[in-house]
Amino acid sequence: MQVKGKTSNSFPKELKYDVELNDIKCYLDETGCIFFVVLIKPDNTKQIYYKNLLPWDIIDIINKCNCDQKEKRIKFLKFPKKKTDIIDIFSNFILNRIRQESYRNISKNIDLEKLIQDAQKAPIEISFTKTFDKKESFGDLNFAIPTTYAYTKSQDGILIPFAEIKLEAIGKEINRPIFISEKQYFKSYLLKEVNQNKQKYIISFGNIVDFSLNFANKTLDIKFNPSNDITANINALNFILNFITYKNLAIGTPSNRIVLLENICLDENLTSDFKKQLSTYTEIQQLLEYFDYDKPANLTQFSESDFEKIRFLINVFFRNMPANKQKGNSALRTINIHNITFLLFYSKIDKDTYKLDNFFKSKIAIKYKTEEKDYDVSQFVILKQDAFENFDNINYDFIYKDIISISPSKAHYNETMNLILRMLLAFDASAKNKAKLIDCIIKITKWLSEKEESPKHQLNYLQALKRKQPLNQIQNTL
């Protein structure tokens, strides 16, 4: 035990204190020590800080110092006031001091990098002591587990520490990233449940994957809890499959690997089930991206009928399956998937074969007929007000580009102006994605004003602009 004193005007949450390296090396000869620093304020109030300096900590500190370095700044924690917490500090220090005594003697001959690699192939050992008062029990979901160490064994059977472990609390989300093979999958994890007698642990990653570890019968159950976030589901399923492949994960840093699957049974059928789910979610994501749908899809509320429609669309758009169209039916088709509505279009391949296309990504020739001549107009002039209130696959960039690409004519300008009026009514009602809608209207009305001199185009432009932002003084006078 080492005690130092220092005056201070405040008591920080963590104390950084310079310790002489020669002293630190001496502590290694004693198999470590608990180092205390007492801060004393001018009013004589005191706060104790502590740092466990076990062989693993000491060697880690020495390896991070330069050859000519004399001191090392070390982080100290506030010493607790609760009796059971104080007992835990000393009990775990003694426990790990005993376990690291042999390591102290052979540490100079150990290749630490190789040790971490070997640790991936062997089970790790973690142990700690926890003292409860009469009101606490191991089943409580909010107690703090003391800092301890992860050990592996050398070829000679000697326990060798290779990482400091802090299981901060059960029932509390721990903000430490989760890696597999250098790739980060989650930002945090949660130790949801612990049953000491049955040696059962449930660890939750991102509130979407649960690992249920039972060390009594050496089994690992993996539960996937799908969310409405398709990207999160895909990430979780990739995490599960890579975990099964590599049989380890890392918490905090990519090198801090923890082996969970060594000599633990896992249902082999799970792999194929997870792969099927991953394939399904990936195709759903591709489908929604194709339709420019970027809102939460409420997948957990989808019915089997909804998934049948999704499979149908995947076959049509990604596997080139022809679509059936009954004679006399409209070339337009609306498809509803729970709270999502898409507008599709049948294009004829041959006499009895049709292809189903996304109406808002397909170029369709539309003619405006007069007695004298037929004029080209945009396919989008057929849309009514409710189209902008109901359909989720509207691509406003495509609408604008299509309109400005049509050959100029009075008929085209008039039909486009009528479309603008319906779009403005939709904006004032309950249109979806109002920001993109009004931007599209502004661009089209500005284009019309440049193509054809008419007070109506200028008025529509200002009406649209006013819905997005206040008009300036000049615009108000027009």
Side-chain angles (χ1 to χ4, degrees), residues 1-4 14-37 49-77 89-90 92-128 146-168 174 176-182 184 248-259:
M1 185 181 298
Q2 177 69 54
V3 182
K4 297 284 186 178
E14 295 178 344
L15 173 67
K16 292 182 179 179
Y17 185 79
D18 292 332
V19 181
E20 291 188 11
L21 275 178
N22 285 335
D23 291 343
I24 293 174
K25 292 174 182 178
C26 290
Y27 303 146
L28 184 60
D29 295 332
E30 302 296 328
T31 321
C33 79
I34 302 180
F35 198 120
F36 293 95
V37 177
Y49 294 80
Y50 80 101
K51 171 66 179 176
N52 285 342
L53 290 174
L54 285 159
W56 186 88
D57 304 285
I58 294 170
I59 293 167
D60 185 58
I61 290 170
I62 293 172
N63 288 338
K64 291 177 180 177
C65 292
N66 299 324
C67 296
D68 56 349
Q69 195 169 334
K70 301 295 183 183
E71 293 181 329
K72 176 63 177 177
R73 182 158 293 181
I74 297 174
K75 185 190 297 182
F76 287 72
L77 301 176
I89 288 173
F90 286 102
N92 283 283
F93 175 81
I94 294 170
L95 171 69
N96 286 290
R97 187 170 184 261
I98 293 170
R99 304 193 86 192
Q100 294 185 24
E101 185 170 5
S102 298
Y103 170 71
R104 177 199 67 171
N105 298 324
I106 66 169
S107 59
K108 293 180 181 179
N109 301 318
I110 290 176
D111 183 341
L112 291 177
E113 187 174 342
K114 184 177 184 301
L115 178 65
I116 292 175
Q117 294 175 352
D118 292 340
Q120 300 175 49
K121 305 173 185 177
I124 64 168
E125 296 186 23
I126 301 174
S127 60
F128 59 87
T147 298
T148 185
Y149 300 83
Y151 296 87
T152 187
K153 283 187 178 180
S154 68
Q155 294 179 349
D156 300 327
I158 297 173
L159 278 177
I160 300 175
F162 68 91
E164 185 182 41
I165 301 295
K166 176 67 174 176
L167 300 174
E168 295 184 26
I174 309 302
R176 291 192 179 181
I178 308 300
F179 298 86
I180 295 179
S181 185
E182 308 297 325
Q184 180 179 337
N248 69 72
L249 57 82
I251 297 176
T253 63
S255 61
N256 190 21
R257 294 181 179 88
I258 296 177
V259 178

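The chain is numbered in sequence order, starting from 1.
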Shortest non-hydrogen separation from Leu28 to Ile58 and the atoms involved: N-CD1, 3.7 Å
Please list, chain by chain and in numerical order, all residues satisfying ring pair (Phe, Tyr, Trp, His ring centres under 6.0 Å) with Phe35, sequence neighbours excluded. Phe76
Non-neighbouring partners of Phe36 that pass ring pair (Phe, Tyr, Trp, His ring centres under 6.0 Å), sequence neighbours left out: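 Expected list: Phe79.
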Quick one: CG on Leu249 to CZ on Phe179, what's the gap to the nearest 0.5 Å? 11.5 Å
Value rounded to 0.5 Å, distance of CG in Asp57 from CD in Gln100: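 With rounding to 0.5 Å, CG (Asp57) is 7.0 Å from CD (Gln100).
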What pairs with [X] under side-chain contact (heavy atoms from CB on, under 4.5 Å), at least two apart in sequence or on another chain?
X     : result
Leu21 : Ile24, Ile61, Cys65, Gln69, Lys72
Asp18 : Glu71, Arg73
Glu30 : none

Partner set under side-chain hydrogen bond (donor to acceptor under 3.5 Å, both in side chains) for [X], not counting sequence neighbours:
X     : value
Asp60 : Lys64
Asn52 : none
Tyr50 : none
Gln2  : Tyr27

Would you please name every residue forming a salt bridge (Lys or Arg N to Asp or Glu O under 4.0 Å) with Lys75, sequence neighbours left out?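 Expected list: Glu14.
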Answer yes or no: is there a side-chain heavy-atom contact under 4.5 Å between Lys51 and Tyr17?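 They are not in side-chain contact.
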When you look at Leu54 and Tyr149, which way does the side chain to side chain contact (heavy atoms under 4.5 Å, CB included) test go after all the steps? CA-CA 10 Å; Leu54 285 159; Tyr149 300 83; 3.5 Å; yes
